[in-house]
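Read the structure below first, then the notes.
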Amino acid sequence: MTRTLIAELGEKIGERVTIRGWVHALRDQKRMQFVIVRDETGLAQVVLEKHEPASEENEAVSALTAESAVTVTGTVAADERVKLGGLELRLEELAVDSPAEPELPVTADSALDKRIDWRYLDLRRPDRRLIFEVQTTVEFAMREFWRKDGFIELHSPKFMGSASESGAELFKVQYFDRDAYLAQSPQFYKQMAMAAGFGRVFEIGPVFRANPSFTSRHDTEFTSVDVEISWIDSHEDVMAFEERWLSYVLAEVSRQHGEAIEETFGAQLTAPAVPFPRITLAQAKERLRESSQEPVAAAHDLDPAGERALSALVLEEHGHEFAFVTDYPTAVRPFYHMRHEHDPTLTRSFDLLWRGIELTTGAQREHRYAQLLAQAHEKGVDVGPIQYYLDFFRHGAPPHGGFGFGLTRLLMQMLGQDNVREVTFLYRGPHRLAP
RNA sequence: GGGGGCGUAGCUCAGCUGGUUAGAGCGCUGCCCUGUCACGGCAGAGGUCGCGGGUUCGAGUCCCGUCGCUCCCGCCA
């Protein structure tokens with residue numbers, strides 16, 4: 001028995017075929033029975049006349065429940081009466097592969113948290129499926145671009161013996177007779193690849209953050225996209241790569257799914273023009289102070305409201321949805337970010353904002369061993385546990401820099417969703433470990 | 001972690017200043033309906049009002065605690 005996909009039925013009029021999928025709807029009438037079957041390619045109407053007395057097939061159709069997994073064999077017929085594509089399948093054989101219990105615990109309009117409880121049912125909806133079709137295209141396009149640019153793919157370890165940045169957000173796990181930590185970032189390892197002479201690397205992999213954060217854009221485990229590039233002159237080279245690369249990825253997604261995304265989520269997607277606008281953090285705060293309604297926080301960083309306001313400002317002035325914010329103060333950046341020679345209170349770093357949220361963070365890294373050590377000490381970093389990392393810079397390390405970001409933040413903005421949980425296959429948060 | 005809001009039927013929600021048998025829509029069950037397509041009609045089942053304590057003659061409603069959800073902030077990607 002060959003399975004025919006519902007999308008292919010139009011080419012098989014008059015033929016006897018077998019479709020396999022889920023019962024989407026059931027209309028069991030006195031003389032006619034209609035079953036709408038759904039597979040991953042679409043919906044199809046299955047029809048059966050009722051006999052007197054009811055045939056075995058009639059009884060089987062009557063006993064169906066919504067969302068049961070079924071295999072239906074019948075003849076494809078064109079019929080103008082059918083609103084669903086003018087096609088139907090005249091039922092000859094019906095097999096229930098796995099019945100669904102009569103009452104479903106969630107519906108399309110259930111609260112997100114409840115939909116996650118029953119994620120496998122939630123994900124059966126075509127619009128949810130589109131999210132993961134897009135995710136697949138995003139990763140494919142990224143790799144395509146990287147590969148053309150000579151990047152090497154990394155799979156760095158997720159067990160670590162020490163923190164890669166600060167200790168606060170690390171998950172501690174038992175590792176035989178001692179403690180280990182789950183990697184919060186592949187940062188140290190992609191820098192090791194620079195010292196190893198790999199030149200340009202990327203990694204798409206899981207990272208773990210023990211933040212008790214309850215927001216629409218945080219989770220405790222997420223897929224991080226990381227890039228690191230050797231032989232750069234400054235963080236500008238990193239930004240120049242990132243914008244070309246992102247623009248390509250968005251162009252591909254727009255080309256392949258733009259219409260579906262707009263239809264399903266109402267979100268418009270076009271490839272952004274390169275270069276993206278750049279503004280230093282100091283200038284950004286100055287501009288916000290000038291133009292603004294709301295007081296700008298005195299802190300060293302932009303708060304979420306500041307990010308939204310800045311994005312709006314850039315969109316208004318440059319017609320651009322992206323904005324690089326550069327030159328963050330040394331105080332708010334990790335010890336390994338390279339500092340400006342003319343002003344060591346500022347780092348050669350950047351954040352990338354898209355449609356009001358922080359998408360990526362990047363920087364040129366400090367590759368000079370003595371300078372790196374001095375910065376670690378100045379920041380009060382305990383260098384004992386990370387000596388292996390510092391060693392990477394003792395035998396010839398190229399100047400380098402890179403960036404990283406959460407894949408779901410990109411997807412969320414791309415699809416006009418308001419929560420990373422919506423675009424995460426299975427969300428992990430402080431209170432969520434199942435399913 | 002701090003602040004606001006919320007928790008009532010399988011789902012989404014209503015329930016006014018405390019007052020007798022706690023409601024609606026959808027779903028579910030049964031019956032009816034000559035092709036439905038958001039099918040339609042009739043009938044019915046279904047709730048220890050998140051949990052624990054308190055105030056009161058009386059608590060879904062007020063108070064305290066607790067758990068969970070949600071939004072904003074902090075932290076970040």
Side-chain angles (χ1 to χ4, degrees), chain A residues 24-37 43-50 52 61-63 65-67 77 79-88 90 100-118 121-122 165-166 168-170 184-187 204 206-227 297 299 301-308 328 332-334 350-354 357-362 403-413 418-421 424 427 429-432:
Chain A
H24 189 74
L26 183 64
R27 287 186 272 277
D28 186 4
Q29 302 184 110
K30 178 134 183 153
R31 309 231 185 257
M32 300 294 294
Q33 293 179 309
F34 302 93
V35 186
I36 310 302
V37 174
L43 298 172
Q45 170 161 294
V46 171
V47 65
L48 179 64
E49 268 184 59
K50 240 177 179 173
E52 192 63 49
V61 168
S62 293
T65 51
E67 294 303 324
D79 191 318
E80 286 178 3
R81 289 173 296 186
V82 185
K83 291 183 186 168
L84 201 57
L87 281 177
E88 65 185 8
R90 306 249 155 94
E101 293 174 17
E103 278 200 315
L104 297 167
V106 284
T107 61
D109 66 344
S110 290
L112 177 58
D113 194 57
K114 196 173 288 282
R115 286 194 281 116
I116 293 174
D117 285 340
W118 298 94
L121 289 175
D122 188 45
E165 312 206 354
S166 75
E169 52 184 31
L170 278 177
Q184 64 195 153
S185 154
Q187 183 60 35
I204 299 179
V207 296
F208 307 89
R209 305 277 169 98
N211 292 351
S213 294
F214 299 93
T215 75
S216 57
R217 55 192 191 286
H218 288 89
D219 27 29
T220 53
E221 173 179 355
F222 64 91
T223 301
S224 179
V225 178
D226 276 88
V227 165
D301 204 348
L302 291 173
D303 56 20
E307 289 171 354
R308 289 190 288 270
Y328 280 77
V332 297
R333 292 284 163 155
F350 62 89
D351 276 6
L352 177 61
L353 266 38
W354 185 22
I357 79 154
E358 184 183 327
L359 191 65
T360 80
T361 292
F403 60 89
F405 66 95
L407 180 60
T408 48
R409 284 204 182 170
L410 177 69
L411 279 169
M412 173 172 84
Q413 295 306 76
D418 55 13
N419 199 314
V420 290
R421 294 169 214 187
T424 304
Y427 164 75
H431 297 300
R432 172 68 75 175

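Because the structure is a prediction, the values reported are computed rather than measured. Within every chain, numbering begins at 1; the chains are lettered A, B, ... in the order of the sequence lines, protein sequences first and strands thereafter.
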I'd like to know if A:Gln45 reaches the base of B:U36 with its side chain, counting only an N/O donor and acceptor under 3.5 Å. yes

Using the P atom as the point on both nucleotides, what is the distance between B:G50 and B:A14, in whole Å? 13 Å

If you go through the side-chain atoms of A:His431, does one of them form a donor-acceptor pair with the base of B:C69 closer than 3.5 Å? no

Under 3.5 Å, is there a donor-acceptor pair linking the side chains of A:Ser216 and A:Asp418? no

Might you work through the salt bridge (Lys or Arg N to Asp or Glu O under 4.0 Å) test for A:Glu52 and A:Lys50, ending with a clear yes or no? CA-CA 7 Å; A:Glu52 192 63 49; A:Lys50 240 177 179 173; over 6 Å; no

Taking the side chain as everything from C-beta on, heavy atoms only, tell me whether A:Thr65 gets closer than 4.5 Å to A:Glu101. no

Taking only the side-chain heavy atoms of A:Pro102 (C-beta and beyond), determine which of B:G1, B:C28, B:A38 contains the nearest atom. B:C28

If you look at every strand shown and take non-hydrogen atoms under 4.0 Å, does A:Arg333 touch a base, only sugar-phosphate, or nothing? nothing

Whole-Å gap separating C1' (B:C37) and CZ (A:Arg27): 4 Å

When you match A:Asp219 and A:Lys114 each to their closest nucleotide on RNA chain B, which lands nearer the 5' end? A:Lys114

What does A:Val225 touch in the nucleic acid at a heavy-atom separation under 4.0 angstrom: a base, only the sugar-phosphate, or nothing? nothing

Is there a Watson-Crick or G-U wobble partner for B:G1 with both distances under 3.5 Å, and which nucleotide is it? B:C73

State the pairing partner of B:C26; accept Watson-Crick or G-U wobble contacts with both distances under 3.5 Å, and report none otherwise. B:G10

Counting the atoms with a prime plus P, OP1 and OP2 as sugar-phosphate, which does A:Phe34 contact under 4.0 Å by heavy atoms, base, sugar-phosphate, or nothing? base

Mind checking the P distance from B:G15 to B:G7? Whole angstroms is fine. 10 Å

Separation of the P atoms in B:C49 and B:A22, to the nearest angstrom: 11 Å

With salt bridge (Lys or Arg N to Asp or Glu O under 4.0 Å) as the criterion, how do A:Asp219 and A:Arg432 come out once you've worked through the C-alpha distance, each side chain's angles and the decisive distance to 0.1 Å? CA-CA 10 Å; A:Asp219 27 29; A:Arg432 172 68 75 175; over 6 Å; no

Position toward the 5' end of RNA chain B (nearest nucleotide), A:Thr215 or A:Asp418: A:Asp418

Atom C1', compared across B:U34 and B:G30: separation rounded to whole Å: 22 Å

Where the side chain of A:Ala111 is defined as all heavy atoms beyond and including C-beta, which of B:U12, B:U34, B:C28 is the nearest nucleotide? B:U12

A:Glu169 CD to B:G74 C1', straight-line distance once rounded to whole Å: 13 Å

Checking only heavy atoms, does the side chain of A:Ser213 share a donor-acceptor pair with the base of B:C75 at less than 3.5 Å? yes

Are any of A:Asn419's side-chain N or O atoms less than 4.0 Å away from OP1 or OP2 of B:C71? yes

Whole-angstrom distance between B:C26 and B:A9, as gauged at atom C1': 12 Å

By the 4.0 Å heavy-atom rule, please label A:Ile357 as base, sugar-phosphate, or nothing. nothing

Does OP1 or OP2 of B:C33 have a side-chain N or O of A:Lys30 closer than 4.0 Å? yes

Reckon A:Arg115 touches a base, only the sugar-phosphate, or nothing at all at heavy-atom distances under 4.0 Å? nothing

Looking only at B:C76, B:G35, B:G10, the nucleotide nearest the A:Val82 side chain is B:G35

Pairwise P distance for B:U12 and B:U55, with rounding to whole Å: 35 Å

Figure out the CG/C1' separation between A:Asp113 and B:C6, and round it to whole Å. 13 Å

From CG of A:Leu302 across to C1' of B:C73 the rounded distance in Å is 15 Å

With heavy-atom distances below 4.5 Å as the criterion, would you say the side chains of A:Val61 and A:Val35 are in contact? yes

Euclidean distance, atom CG of residue A:Leu112 to atom C1' of B:G68 [Å, nearest integer]: 15 Å

Could you let me know what B:C57 is paired to, Watson-Crick or G-U wobble, both distances under 3.5 Å, or none if it's on its own? B:G19

Figure out the NZ/P separation between A:Lys50 and B:C33, and round it to whole Å. 10 Å

Whom does B:U66 pair with, Watson-Crick or G-U wobble, provided both distances fall under 3.5 Å? B:G50

Any A:Gln29 side-chain N or O less than 4.0 Å from OP1/OP2 of B:G35: yes

Which part of the nucleic acid does A:Asp28 contact within heavy-atom distance under 4.0 Å: base, sugar-phosphate only, or nothing? base

4.5 Å side-chain heavy-atom contact, A:Thr360 and A:Trp354: no

Can the positive tip of A:Arg27 be found less than 6.0 Å from the middle of the six-membered ring of A:Phe34, inside 45° of the ring normal? no

Kindly say if A:Arg308 contacts the phosphate of B:C73, meaning a side-chain N or O under 4.0 Å from OP1 or OP2. yes

Quick check: do A:Ile204 and A:Thr223 have side-chain heavy atoms less than 4.5 Å from each other? yes

Would you mind reading off the distance between A:Asp117 atom CG and B:U70 atom P, rounded to a whole angstrom? 10 Å

Sugar-phosphate, base or nothing in reach of A:Pro105, heavy atoms under 4.0 Å: sugar-phosphate

If I take atom CZ in residue A:Phe222 and atom P in nucleotide B:C75, what distance separates them, rounded to the nearest angstrom? 16 Å

Candidate nucleotides B:G74, B:C76, B:G10, ranked by approach to the side chain of A:Pro304 - the nearest: B:G74

Assess whether a salt bridge exists between A:Asp122 and A:Lys114, defined as any Lys/Arg side-chain N lying under 4.0 Å from an Asp/Glu carboxylate O. no

For B:U70, does either OP1 or OP2 sit under 4.0 Å from a side-chain N or O belonging to A:Arg421? yes

Looking only at atom C1', what distance separates B:C64 and B:A59, rounded to whole Å? 15 Å

B:C67 and B:U29: how far apart are their C1' atoms, nearest whole angstrom? 35 Å

Donor-acceptor pair present, A:Glu88 side chain and B:G35 base, under 3.5 Å: yes

Applying a 4.0 Å non-hydrogen cut-off, can you work out what A:Leu104 is touching in the nucleic acid: base, sugar-phosphate, or nothing? sugar-phosphate

